[in-house]
Amino acid sequence: MRHSIYLRLATLFIKADLAREEREWKRAVRKVQYEIPWGNEYLLKDIGLHLDGRTISDLEQPVFKAERKVRHLRRLIRLRIAT
């Protein structure tokens, strides 16, 4: 069964409007200057930074990173098998 031309036009316009909104949102996000809470150690830790501005992952040893990655991948595989 074919859809009417009005339904096709409506879906086309909705898709175009969503794409336009997405572009505007990305443009607005790029313009925003984020204020980093340098005085709050706990908020910095939450976003993955130390007080001096370095990322937390810089100080981690590769062994711990690899173990965490493998644990995460195993969890994903178990979830995929279970569902």
Side-chain angles (χ1 to χ4, degrees):
M1 184 168 131
R2 294 187 61 172
H3 296 288
S4 72
I5 188 78
Y6 298 113
L7 285 176
R8 287 190 214 164
L9 280 174
T11 56
L12 176 73
F13 289 142
I14 289 171
K15 287 179 183 177
D17 189 44
L18 290 174
R20 180 189 54 82
E21 286 179 1
E22 183 74 20
R23 282 192 312 269
E24 286 179 2
W25 178 79
K26 285 181 181 179
R27 193 175 303 127
V29 167
R30 271 188 252 133
K31 289 181 181 179
V32 175
Q33 294 293 325
Y34 296 104
E35 293 186 19
I36 297 178
W38 294 112
N40 192 331
E41 177 183 353
Y42 301 105
L43 287 176
L44 286 173
K45 188 175 180 183
D46 285 344
I47 60 175
L49 296 174
H50 287 288
L51 284 174
D52 57 357
R54 291 180 293 132
T55 60
I56 290 176
S57 63
D58 288 345
L59 299 178
E60 292 182 354
Q61 294 179 359
V63 174
F64 297 125
K65 284 184 186 180
E67 288 175 1
R68 188 173 59 243
K69 183 82 170 176
V70 168
R71 192 171 46 243
H72 179 67
L73 290 173
R74 284 184 182 150
R75 189 179 321 124
L76 285 175
I77 290 171
R78 271 187 275 143
L79 287 173
R80 285 186 186 161
I81 293 173
T83 56

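Quick note: numbers below take in every heavy atom, side chains included, and nothing from hydrogens, waters or symmetry partners.
Rounding to the nearest 0.5 Å places CD1 of Ile77 at 10.5 Å from NE2 of His72. The CG atom of Leu73 sits 9.5 Å away from atom CZ of Arg75, with the distance rounded to the nearest 0.5 Å.
Residues passing the side-chain hydrogen bond (donor to acceptor under 3.5 Å, both in side chains) test with Asp46: none are found, sequence neighbours excluded. Every residue two or more places apart in sequence or in another chain that forms a side chain to side chain contact (heavy atoms under 4.5 Å, CB included) with Glu67 is listed here: Val63, Phe64. The side chain to side chain contact (heavy atoms under 4.5 Å, CB included) test applied to Leu7 returns His3, Ser4, not counting sequence neighbours.
Looking only at side-chain heavy atoms (C-beta outward), Leu44 and His50 stay at 4.5 Å or farther from each other.
Side-chain heavy-atom separations under 4.5 angstrom define the hydrophobic clusters, and the remaining members of the one that includes Leu18 are Ile14.
By the criterion of side-chain heavy atoms lying less than 4.5 angstrom apart, applied directly or through intervening Ile, Leu, Val, Met, Phe, Trp or Tyr residues, Ile47 is not grouped with Leu43; the two fall into different hydrophobic clusters.
Applying the side chain to side chain donor-acceptor pair (under 3.5 Å) rule to pairs touching residues 13-22 yields Asp17-Arg20, Arg20-Glu24, sequence neighbours excluded.
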